[in-house]
> 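For reference, the structure I am asking about is given below.
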Amino acid sequence: MTLPTVHIHDTLTGRKSPVEPIRPGHLGLYVCGVTVYELCHIGHARVFVTFDVVVRFLRHVGYDVTFVRNHTDIDDKIIRRAAELGKDALTLAEEQIVELDRDMGSLGVQAPTHAPRVTESIDEIVAMVETLIERGHAYAVDGGDVFYRVDSFPGYGKLSGQRLDEMRAGERVAVDERKENPFDFALWKSARPGEPSWDSPWGPGRPGWHIECSAMSCTHLGPHFDVHGGGKDLTFPHHENEIAQSEGAHGHAYVNTWMHVGLVNVDGVKMSKSLGNFWTVRDVVAQVHPEAIRWFMLTAHYRKPVGYSQVNLDLAHAQVERLHRTRLALSALFEDLADAPAPDPQTLADFRDRFHAALLDDFNFPAGLAVLLEAIRTANDLLATKKLRRNAAALGRLAALRHFLLEEVRPVFGLLETESESVLAGIRDRLATRFGIDQAEVEQRIIERVAAREAKDWERADALRDALLARHVELMDTPEGTTWRIVPPEPESAAPGDVDG
RNA sequence: GGGGAGGUGGCCAAGUGGUAAGGCAGCGGCCUGCAAAGCCGCCAUUCGCCGGUUCGAAUCCGGUCCUCCCCUCCA
């Protein structure tokens, strides 16, 4: 079987190119995880969800993917935070990894093939630093620190387009005078009293920030692998330094394709700790259903910024609702049918081909979403066909669309993985909380209105409906009875959490 | 100061040479007691601005205005 060719935009070349696996049929992917010292926010989630879909898709079309995503569990920030909390740094990291896995799990992010931790990779890291010193790319200084010698690596700056002589060293941070070049960076940091440390040829210490990814990617994927990804803000210096380390140590190319995920913006600016404009995954999940969060992440191309706003999240909620209502309608139809019609091959091929084409082209999520929306619309259209159950052609097309939703969209986008009733209830619960709606009371009003309608007391029925509508509760009278949903009012607020209702 | 990305209808957002996907909102229609949902139709001669290349440009080139990201820890 011939695998389809995937095109990916490579940061190094600035172009979109076909990916040629180093090992036929296999792709090695390394993605930078997070430094675990506090709860992750929705910006981290975007990177995780993005690569979750990337890996799901690559596997779906037949690639054997080895997906590595690390946990940076020892670092200055972890030590600082642990000190503030009065607990052990490694304990804090351990706890935060558990929280991270829980948060990402709640978003339907699948576990990577390997999730290496820095503290479990010290031997490889020390060995790599030794190699770099041997090859003249690094030097130890008094005090037990080891720095990378950027001037020894001609390619330094090739990923980010930076030139050493143009960068502003020390602009905002004091330069360590033991460095040969202000841009030299730490490979190994000597331990201060009370800090976690490991023995090394340079004395007790711990790894610098960038070396762990060079070492761990090599351990699990070898010194040269296919794709390396991470958030856009890691391009420099993190990934630039990784290239210097890995290529310096191995003497050959490190990564074939560099993928960088755009940032999550709030009011046009990057979500960040310092601005205080960030929302933790936990907080957002309490207000927005996980499938809607995933949908939201898919509405923009992964390389572009995506705007975190109440409007966008409400829209995602509405779309996910629509997706599940259609799924329910399809399920109801087919579960009721004596002999299920075979999916119409033409219809299935049409949607599948376009869906795959969108994703094969640098993972164009919005284009893929457009195909999904067309499938939903087409299905709803066919579901309204007169004498549907005696219309073999329509049933065949619906079977194909159902197959497309469940066997193509579901495994790739990670949507529709939860029972539709549960998703719809989950969305309703969140919105009810947001708008202070008593669901039992709504049900009671509906019962009253049903009675009014049966008595053809339209005035009272409409008054009840209007009263609910004023509280964002919309009623839907169907042949099967009256159902309801909560519809958030138009825009205003910037983001969830800003306002409470 | 250097590097990078981007400015597409009221909003969100695809689209890197061939004559503007999709979604939301809005308008008309079908359906409905009336609605909602769903479906059908309409909705950018135009892609920040000014020039240029081309038979042809949102897409290429030059200039210009604006925004964001990186050059410090950042997903």
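Order of the sequence lines sets the chain letters (A, B, ...), proteins ahead of strands, with each chain counted from 1.
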> Going by an N to O cut-off under 4.0 Å, is there a salt bridge joining A/R465 and A/D462?
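A/D462 and A/R465: salt-bridged.
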> Of the listed nucleotides (B/rA21, B/rC34, B/rC71), which one gets closest to any side-chain atom of A/P366?
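So the side chain of A/P366 is nearest to B/rA21.
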> Can you check the A/L398 CG to B/rG38 P distance for me, whole Å?
17 Å
> Take atom CZ of A/R445 and atom C1' of B/rA36, then tell me their distance rounded to the nearest Å.
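That distance rounds to 20 Å.
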> By nearest atom, which of the nucleotides B/rU16, B/rC24, B/rA13 is closest to the A/L315 side chain?
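Minimum distance to the A/L315 side chain belongs to B/rC24.
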> Base, sugar-phosphate, or nothing: which does A/L263 touch, judged by heavy atoms less than 4.0 Å apart?
base
> Can you tell me whether the side chain of A/D462 and the base of B/rG33 have a donor-acceptor pair closer than 3.5 Å?
yes
> Only pairs with both distances under 3.5 Å count, Watson-Crick or wobble alike; so what is the partner of B/rA37 in this structure?
none
> Would you indicate what A/H41 reaches in the nucleic acid, counting non-hydrogen atoms under 4.0 angstrom: base, sugar-phosphate, or nothing?
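Base, at least one base atom sits under 4.0 Å.
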> Can you tell me the Watson-Crick or wobble partner of B/rA5, both distances under 3.5 angstrom?
B/rU67
> Classify the nucleic acid contact of A/R354 as base, sugar-phosphate or nothing, counting any heavy atom under 4.0 Å across all strands shown.
nothing
> Please report the distance separating the P of B/rG52 from the corresponding atom of B/rG38, rounded so that it comes out in whole Å.
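Roughly 48 Å separates the two P atoms.
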> Rounded off to whole Å, could you give me the CG-to-C1' distance for the A/D362 and B/rA13 pair?
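Distance check: A/D362 CG to B/rA13 C1' gives 16 Å.
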> Using the C1' atom as the point on both nucleotides, what is the distance between B/rC47 and B/rC31, in whole Å?
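Approximately 38 Å lies between the C1' atom of B/rC31 and that of B/rC47.
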> Taking the basic N atoms (NZ, or NE/NH1/NH2) and the acidic carboxylate oxygens, is any pair closer than 4.0 Å for A/R206 and A/D75?
no
> Rounded to whole Å, please give me the gap between CD in A/E38 and C1' in B/rA75.
13 Å
> In residues 376-390 of chain A, which ones come under 4.0 Å of RNA chain B, going by heavy atoms?
A/R377, A/N380, A/D381
> Across all strands shown, which nucleotide pairs with B/rA44 by Watson-Crick or G-U wobble geometry, both distances under 3.5 Å?
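Checking every strand shown, B/rA44 finds no partner, since no pair has both distances under 3.5 Å.
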> Sequence neighbours left out, what pairs pass salt bridge (Lys or Arg N to Asp or Glu O under 4.0 Å) with at least one residue falling in residues 293-312 of chain A?
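Sorted result for residues 293-312 of chain A: A/D52-A/R294, A/R303-A/D362.
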> Could you walk me through whether A/F147 and A/F185 satisfy the ring-ring contact (aromatic ring centres under 6.0 Å, His included) test, starting with their C-alpha distance in whole Å, then the side-chain angles of each, then the deciding distance to 0.1 Å, before giving a yes or no?
CA-CA 5 Å; A/F147 293 110; A/F185 53 91; 8.9 Å; no
> Look at all strands and tell whether A/T299 reaches a base, only sugar-phosphate, or nothing, counting heavy atoms closer than 4.0 Å.
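Contact class for A/T299: sugar-phosphate only.
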> Describe the nucleic acid contact of A/G230 in one word from base, sugar-phosphate, nothing, applying a heavy-atom distance below 4.0 Å.
sugar-phosphate
> Can A/F236 be called stacked on B/rG3 when the rule is centres closer than 5.5 Å and an angle between planes below 30°?
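Stack criterion not met.
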> Using a 3.5 Å distance criterion without hydrogens, assess whether the side chain of A/S214 forms a donor-acceptor pair with backbone atoms of A/E242.
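Yes; at least one donor-acceptor contact below 3.5 Å.
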> Determine whether the side chains of A/Y308 and A/D267 contain a donor N or O and an acceptor N or O closer than 3.5 Å.
no
> Expressed in whole Å, how much space separates the C1' atoms belonging to B/rA13 and B/rG23?
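So the two C1' atoms sit 8 Å from each other.
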> Going by atom types alone, do A/D73 and A/T119 pair a side-chain donor with an acceptor below 3.5 Å?
yes
> C1' atom, B/rU32 versus B/rA75: distance in rounded Å?
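Those two atoms are separated by 49 Å.
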> Using heavy-atom distances to pick each residue's nearest nucleotide on RNA chain B, tell me which of A/N364 and A/A370 is more 5'.
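Its nearest nucleotide lies further toward 5', so the answer is A/N364.
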> Just call it for A/V264: base, sugar-phosphate, or nothing, with non-hydrogen atoms closer than 4.0 Å on any strand.
base
> NA contact type, A/K304, heavy-atom cut-off 4.0 Å: base, sugar-phosphate, or nothing?
sugar-phosphate
> Among B/rG33, B/rA5, B/rG6, which nucleotide sits nearest the side chain of A/A461?
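It is B/rG33.
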> Quantified in whole Å, what is the C1' atom distance between nucleotide B/rA44 and nucleotide B/rA35?
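Those two atoms are separated by 32 Å.
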> Regarding A/R303, tell me which of base, sugar-phosphate or nothing describes its non-hydrogen contacts under 4.0 Å with the strands shown.
nothing
> Can you say whether a donor on the side chain of A/R325 sits under 3.5 Å from an acceptor on the base of B/rG38, or the other way round?
no
> Quote, to the nearest angstrom, the P distance that separates B/rG41 from B/rG33.
25 Å
> Among B/rA36, B/rG33, B/rA75, which nucleotide sits nearest the side chain of A/L234?
B/rA75
> Looking only at side-chain atoms of A/K232, point me to the closest of B/rA5, B/rA37, B/rG22.
B/rA5
> Base, sugar-phosphate, or nothing: which does A/G33 touch, judged by heavy atoms less than 4.0 Å apart?
sugar-phosphate
> Using both distances under 3.5 Å as the test, list the Watson-Crick or G-U wobble partner of B/rU19, or none.
none
> Which whole-number value in Å describes the distance from A/H238 NE2 to B/rG4 C1'?
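These atoms are roughly 19 Å apart.
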> From the list B/rA14, B/rG33, B/rC68, which nucleotide is the closest neighbour of the side chain of A/D477?
B/rG33
> Start at the 5' end of RNA chain B and walk down; is the nucleotide closest to A/V261 or to A/T235 reached first?
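Closest to the 5' end, via its nearest nucleotide, is A/T235.
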> Is it the case that A/R428 places NZ or CZ above or below the six-membered ring of A/W484, under 6.0 angstrom from the centre and within 45 degrees of the axis?
yes
> Evaluate the criterion ring-ring contact (aromatic ring centres under 6.0 Å, His included) for residue pair A/F51 and A/F57; output intermediate values, then yes/no.
CA-CA 10 Å; A/F51 284 105; A/F57 175 68; over 10 Å; no
> Could you tell me whether A/S160 contacts a base, only the sugar-phosphate backbone, or nothing, with contacts defined as non-hydrogen atoms closer than 4.0 Å?
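Sugar-phosphate only.
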> Pick base, sugar-phosphate or nothing for A/Q162, based on heavy-atom distances below 4.0 Å to the nucleic acid.
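It contacts base atoms.
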> Can you tell me how far C1' in B/rG18 sits from the matching atom in B/rC27, rounded to whole Å?
32 Å
> Going by the salt bridge (Lys or Arg N to Asp or Glu O under 4.0 Å) test, name the single residue among A/R352, A/R402, A/R354 that passes it with A/E408.
A/R352
> Side chains of A/T280 and A/D283: is there a donor and an acceptor less than 3.5 Å apart?
yes
> Rounded to the nearest Å, what distance is computed from the CG atom of residue A/L373 to the C1' atom of nucleotide B/rA14?
12 Å
> With sugar-phosphate meaning primed atoms plus P, OP1 and OP2, does A/K270 contact a base, only sugar-phosphate, or nothing at under 4.0 Å between heavy atoms?
base
> If the cut-off is 4.0 Å, is A/R322 near the phosphate of B/rC39, judged by side-chain N/O to OP1 or OP2?
yes
> Looking at the side chain of A/R449, which of B/rC24, B/rC71, B/rG33 is the nearest nucleotide?
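That would be B/rG33.
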> Under 3.5 Å, is there an N or O donor on one side and an acceptor on the other linking the side chain of A/R46 and the base of B/rA75?
no
> Reckon A/V34 touches a base, only the sugar-phosphate, or nothing at all at heavy-atom distances under 4.0 Å?
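The residue A/V34 makes sugar-phosphate contact but no base contact.
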> Expressed in angstrom and rounded to an integer, what is the separation of A/L359 atom CG from B/rG22 atom C1'?
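Value for this atom pair: 15 Å.
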> Quick one: do A/H239 and A/H228 satisfy ring-ring contact (aromatic ring centres under 6.0 Å, His included)? Show the steps, please.
CA-CA 9 Å; A/H239 292 156; A/H228 189 134; 4.7 Å; yes
> Using atom C1' of each nucleotide, how far apart are B/rG17 and B/rC55 to the nearest Å?
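Each nucleotide's C1' atom is 12 Å from the other's.
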